[in-house]
Amino acid sequence: MKLIQLPTQAFEQRLKQELEENPALETGKEDTESTTDDYDDLYDDSSDNETINTEDINIDDYLSDDEIPDYRTKANNYSADDEEKSVPYAAGISFNQHLLNQLNTVYLTDDEWNIAEFLVGSVDESGYIRRPIADIMDDLAFTQNVYTDEETITKILSIVQELDPPGVGARSLEECLIIQLERKEITPSIELATDILRKSFEHFTKKHFQKLIQKHNITETELKEAIGEIEKLNPKPGGSYSGNNRIVEHVVPDFAIRITEGELELTLNGRNAPELHVSREYSNMLKGYKEAKEKSKSQKDTVMFIKQKLDAAKWFIDAIRQRQQTLFITMNSIMHYQKEYFLTGDERNLRPMILKDIADEIGMDVSTVSRVANSKYVDTPYGTKLIKEYFSESMKNEQGEDVSTKEIKKILETVIQDETKKKPLTDDKLAAILKEKGYPIARRTVAKYREQLGIPVARMRKEI
């Protein structure tokens, strides 16, 4: 069950670990007949009654890790087409180092440099300094032995805020946007945008457009142009730094679905189906022990160790085969259950589907289906998706038919996209529209679906 839960990359790590820990397990094709199924016959417990020859036979020489060639512990599971290509990344420098490099071009006294360096070190990954000046002053005294005042720190902060990218070192979103506007060439729209941010930031964030028009005595066109300038700004200047070294998570799909001549075709990622076999060398050791006329105590102890490793190798191979079979059967059932969707890519064609539906169809436990769905990805003609995204609850439409909640969300999203942005639809109106389309759901359910889609309330969707 633990192996089933592992996605492809984690499974490869588990496989590598098992190969390192168990020398009786090998990868690649066996060049002679496999002894996986019959090695048990080589060990006979009745030999315990035989006399033990005290002559020392050093079987450890045969079990030395040095005797196992390197190539036998490597996973040669891929075809030429599956060969992994490593992507080179430039070493780059950190965001903070990028700021310090710019700071080196500014003339500062030693104390001023210490303050500026400390401020740069306080910049978070979004480009903000979120700590109060008073706290920074205390930290400078306690950790850097730099005793200064808030006025001096504020003065040095203004120097830091002149660094690139524009807006870095700001203490709030309002200050970040204003800094960026002040870097631009002055135009009537820029001046108005700056004035709005300085005097009416709350009205701007809440999209109280009429109040802004009245307070600043401007036309709707002028307001629209000013807001257009603000929308061009970057609220997270740190995130735009190209030198930021971020860990890129590469999703490796566990399955692939393709459409061939109008039919769906499912394949399991070959990296989930390694070629493994029990070490013939270890099996031969057991065979040699059985054929020996006299057996020492040390030989018996060693052969027990060998047998344990062979048992573990055989178990692991069987577990991987079961994993492959379970993964394929489960995904194949999901693919056929959602056949219409996979043929069209239209989310409105997704059928209501819960874990129990698939579990009942393949005769497995719900927990098994859950382990497959929650951690595996499938590559489809419409993108790589987490399998659990295809599961959804159902509800009845006006015709009494079961429809997927995903279908309702897709229709809700389409209705909101087509709404008049000057007068966005409230949740009550959205509920009424869905009811007209045959989906009688309550306003609170509409609100829940809207939030799950990441769509803000009507007031925040308003445009001029």
Side-chain angles (χ1 to χ4, degrees), residues 173 196 200-214 220-221 223-228 230-233 235-236 334 337-357 373-374 380-464:
L173 174 60
I196 288 173
S200 310
F201 186 71
E202 187 175 355
H203 288 328
F204 166 72
T205 56
K206 293 183 177 179
K207 296 197 172 185
H208 292 161
F209 297 136
Q210 288 304 316
K211 290 183 179 179
L212 289 173
I213 289 173
Q214 293 171 6
E220 187 175 292
T221 301
L223 177 61
K224 188 172 183 178
E225 290 175 353
I227 290 177
I230 296 173
E231 288 176 343
K232 295 176 185 176
L233 306 177
K236 293 184 179 180
I334 293 171
Y337 200 96
Q338 301 290 4
K339 182 176 181 179
E340 192 173 352
Y341 162 76
F342 284 115
L343 286 173
T344 63
D346 190 343
E347 289 190 1
R348 289 173 294 185
N349 290 331
L350 276 171
R351 294 173 58 190
M353 181 176 69
I354 59 176
L355 296 173
K356 191 174 184 301
D357 293 330
N374 288 334
T380 75
Y382 323 107
T384 300
K385 305 282 187 181
L386 187 61
I387 294 172
K388 73 175 182 180
E389 293 180 8
Y390 298 123
F391 289 83
S392 65
E393 299 291 339
S394 65
M395 65 160 288
K396 301 280 186 184
N397 61 14
E398 287 188 337
Q399 287 73 42
E401 301 169 332
D402 284 332
V403 293
S404 168
T405 53
K406 282 187 173 290
E407 177 183 339
I408 298 172
K409 288 179 185 178
K410 186 66 178 178
I411 294 171
L412 176 62
E413 189 176 26
T414 303
V415 170
I416 292 175
Q417 286 175 351
D418 295 340
E419 71 185 357
T420 302
K421 296 306 178 184
K422 281 193 174 184
K423 195 174 182 180
L425 299 169
T426 64
D427 291 341
D428 284 320
K429 291 181 179 177
L430 289 171
I433 291 173
L434 286 174
K435 187 176 181 180
E436 290 174 4
K437 292 179 176 292
Y439 306 98
I441 59 176
R443 185 205 61 79
R444 62 180 179 275
T445 307
V446 169
K448 182 179 76 172
Y449 290 170
R450 176 180 51 72
E451 289 171 1
Q452 290 174 350
L453 290 167
I455 299 174
V457 296
R459 176 171 54 79
M460 299 306 294
R461 301 198 304 272
K462 186 177 182 182
E463 297 178 4
I464 302 177

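Here, residue 1 is the first one in the sequence, and each next residue gets the next number.
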Do [X] and [Y] have side chains that get closer than 4.5 Å, going by heavy atoms?
X	Y	result
Y449	I455	no
R450	V457	yes
D357	F391	no
T426	R443	no
Q417	E413	yes

Please round to the nearest 0.5 Å and tell me the distance separating atom [atom1] of [X] and atom [atom2] of [Y].
X	Y	atom1	atom2	value
L412	K409	CG	NZ	9.5 Å
L233	L173	CG	CG	9.5 Å
N349	K339	CG	NZ	13.0 Å
I334	K388	CD1	NZ	13.0 Å
I433	K435	CD1	NZ	13.5 Å
L350	E389	CG	CD	10.0 Å

Please name the pair of heavy atoms, one in [X] and one in [Y], separated by the smallest distance, quoted to 0.1 Å.
X	Y	value
I230	F204	CG2-CZ, 3.4 Å
A226	I196	CB-CD1, 4.2 Å
V446	D427	CG1-O, 4.0 Å
F209	L223	O-CD2, 3.7 Å
L212	S200	CD2-CB, 3.4 Å

The single option from I411, L425, L430 that satisfies side-chain contact (heavy atoms from CB on, under 4.5 Å) with I416 is L430

Taking T420 for its side chain and K422 for its backbone only, find out whether a donor-acceptor pair lies under 3.5 Å.
->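 No; zero donor-acceptor contacts below 3.5 Å.
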
Taking only residues two or more places apart in sequence, or in another chain, which ones meet A432 in a side-chain contact (heavy atoms from CB on, under 4.5 Å)?
->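 With neighbours one apart ignored, the set is empty.
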
E202: side-chain hydrogen bond (donor to acceptor under 3.5 Å, both in side chains) partners, not counting sequence neighbours |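 If we apply the side-chain hydrogen bond (donor to acceptor under 3.5 Å, both in side chains) test to E202, skipping adjacent residues, the hits are K206.
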
Strictly under 6.0 Å, is that where the ring centroids of Y390 and F342 end up?
-> yes

